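Just below is one structure, and these are the notes that go with it.
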Amino acid sequence: MFTGIVTDIGTVLELEQRGDLRARIGTGYDVAGIDIGASIACNGVCLTVVALGRAPQNWFDVEISAETVGATNVGGWSVGTRLNLERALKVGDELGGHIVSGHVDGVAEVIAMRDEGDSTRVTFRAPQELARFIAPKGSVALDGTSLTVNEVDGADFGINFIPHTKVATTWGDTKVGDRINLEIDTMARYVARLQEYA
């Protein structure tokens, strides 16, 4: 489990297709404190660490199944791609965002951006089948970042990015047309499921 509070910006150092896709990700994390088998959310995708190293910088390797590549924006990664990273939640950690599983539900598209003072309002289009789970003032995880929804219009929804978020994550790199990993709020999923049986 994760909180959607990004704690490092990693960089894709290598990609290799070996049946599954293997990615080497450069990180600011101290790899001495990461175990093989640990989970790290990479742009919101929960991935398992399979190797670690320190040269030429700290890095970890993950293996990514074809199913995950097809269901996320991982297929668009290339060497140099910057990634929002978050280590798995430990008991007693501060829950600053919301409960995030790292299981991406679909891919949203950035359809508009405009500056509002120092902040940036970004409009996303969710896959139609996920739109009903997104509500004004509710939470979503986008590329692994816990965010509050400002407004909803059908499958479109808006998020306001403050300057800190644009610097502390990869959101300062965003442009119209980008494909973004979307994880809906777990509580919204369960409420919808309960309503099916009401």
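These figures come from a predicted structure and were not determined experimentally. Only this structure's heavy atoms are used, side chains among them; waters, hydrogens and symmetry mates stay out.
- The only option from T7, D8, T11 that meets the side chain to side chain donor-acceptor pair (under 3.5 Å) definition with T27 turns out to be D8.
- Rounded to the nearest 0.5 angstrom, K166 NZ and T174 OG1 are separated by 10.0 Å.
- Taking every heavy atom of both residues into account, A108 and A126 meet most closely at CB-CA, 4.3 Å.
- Inter-residue side-chain proximity for L147 and F161 is flagged as met; some heavy-atom pair is nearer than 4.5 Å.
- Between I40 and I25 there is no side-chain heavy-atom pair separated by less than 4.5 Å.
- At a threshold of 4.5 Å between side-chain heavy atoms, the hydrophobic network of Ile, Leu, Val, Met, Phe, Trp and Tyr places L47 and L15 in one connected group.
- Other residues, nucleotides and ligands place no more than 12 heavy atoms under 6.0 Å from the CD atom of Q128.
- In terms of modelled atom types and a separation under 3.5 Å, the side chain of D30 and the main chain of A32 share a donor-acceptor contact.
- Considering all non-hydrogen atoms of both residues, R22 and A51 come closest at NH2-CB, 3.5 Å.
- Atoms OG and CD1, on S101 and I184 in that order, are 9.5 Å from each other to the nearest 0.5 Å.
- Judged purely by atom type and a 3.5 angstrom limit, E86 uses its side chain to pair as donor or acceptor with the backbone of T3.
- Side chain to side chain, D156 and T123 fail the donor-acceptor criterion of an N or O pair below 3.5 Å.
- When every heavy atom of A155 is checked against every heavy atom of A131, the shortest pair comes out as CA-CB, 3.7 Å.
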side-chain contact (heavy atoms from CB on, under 4.5 Å) evaluation trace for F157 with V140
CA-CA 10 Å; F157 63 99; V140 292; 4.3 Å; yes

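- Under the 3.5 Å distance criterion, the side-chain polar atoms of D185 are left unmatched by any main-chain donor or acceptor of S139.
- Panel note: side chain N150, backbone N160; a donor-acceptor pair is recorded below 3.5 Å.
- Interatomic distance, CD1 of I9 versus CZ of R82, reported as 4.5 Å (0.5 Å rounding).
- The two atoms that bring S78 and V12 nearest to each other are O-CB, 3.4 Å, heavy atoms only.
- With no hydrogens or angles considered, a side-chain donor-acceptor pair links N84 and T170 at under 3.5 Å.
- Side-chain contact between D61 and E14: absent, with no pair of heavy atoms (C-beta onward) separated by less than 4.5 Å.
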Could you go step by step and tell me if R87 and I34 meet the side-chain contact (heavy atoms from CB on, under 4.5 Å) rule?
CA-CA 9 Å; R87 303 275 313 268; I34 300 174; 3.6 Å; yes

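- For the residue pair I64 and A23, the shortest heavy atom distance occurs at CD1-CB, 4.2 Å.
- Within a 6.0 Å sphere centred on CD of Q17, other residues, nucleotides and ligands contribute more than 12 heavy atoms.
- The number of heavy atoms from other shown groups lying within 6.0 Å of CZ (R125) does not exceed 12.
- Of the inter-residue distances, the one linking D143 atom CG with T169 atom OG1 reads 9.0 Å to the nearest 0.5 angstrom.
- Linking ILVMFWY side-chain heavy atoms closer than 4.5 Å, directly or via other members, places F60 and L89 in two distinct hydrophobic clusters.
- A donor-acceptor pair is defined here as one N or O able to donate and one able to accept, closer than 3.5 Å; no such pair exists between the side chain of E63 and the backbone of S65.
- Side-chain contact between L83 and W77 is present, with at least one heavy-atom pair separated by less than 4.5 Å.
- To the nearest 0.5 Å, atom CG of residue D173 and atom CG of residue D178 are 9.0 Å apart.
- Cluster annotation: W171 is connected to L182 through the hydrophobic network of ILVMFWY side chains, with a link wherever side-chain heavy atoms come within less than 4.5 Å.
- Transitive grouping of hydrophobic side chains (ILVMFWY, heavy atoms separated by less than 4.5 Å) keeps V45 and L130 in distinct clusters.
- The line from NZ of K137 to CD of E151 is 8.0 Å long, rounded to the nearest 0.5 Å.
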Going through the checks in order, is the side-chain contact (heavy atoms from CB on, under 4.5 Å) test met by Q57 and L13?
CA-CA 10 Å; Q57 68 180 95; L13 301 177; 3.7 Å; yes

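- Here the shortest heavy-atom pairing between R54 and W59 reads N-NE1, 3.7 Å.
- In M187, the CE atom is not crowded: 12 or fewer heavy atoms of neighbouring residues, nucleotides or ligands sit closer than 6.0 Å.
- There is no path of hydrophobic side-chain contacts, each under 4.5 Å, that joins V104 to I159.
- The closest donor-acceptor contact from the side chain of N181 to the backbone of T72 lies at 3.5 Å or more, if one exists at all.
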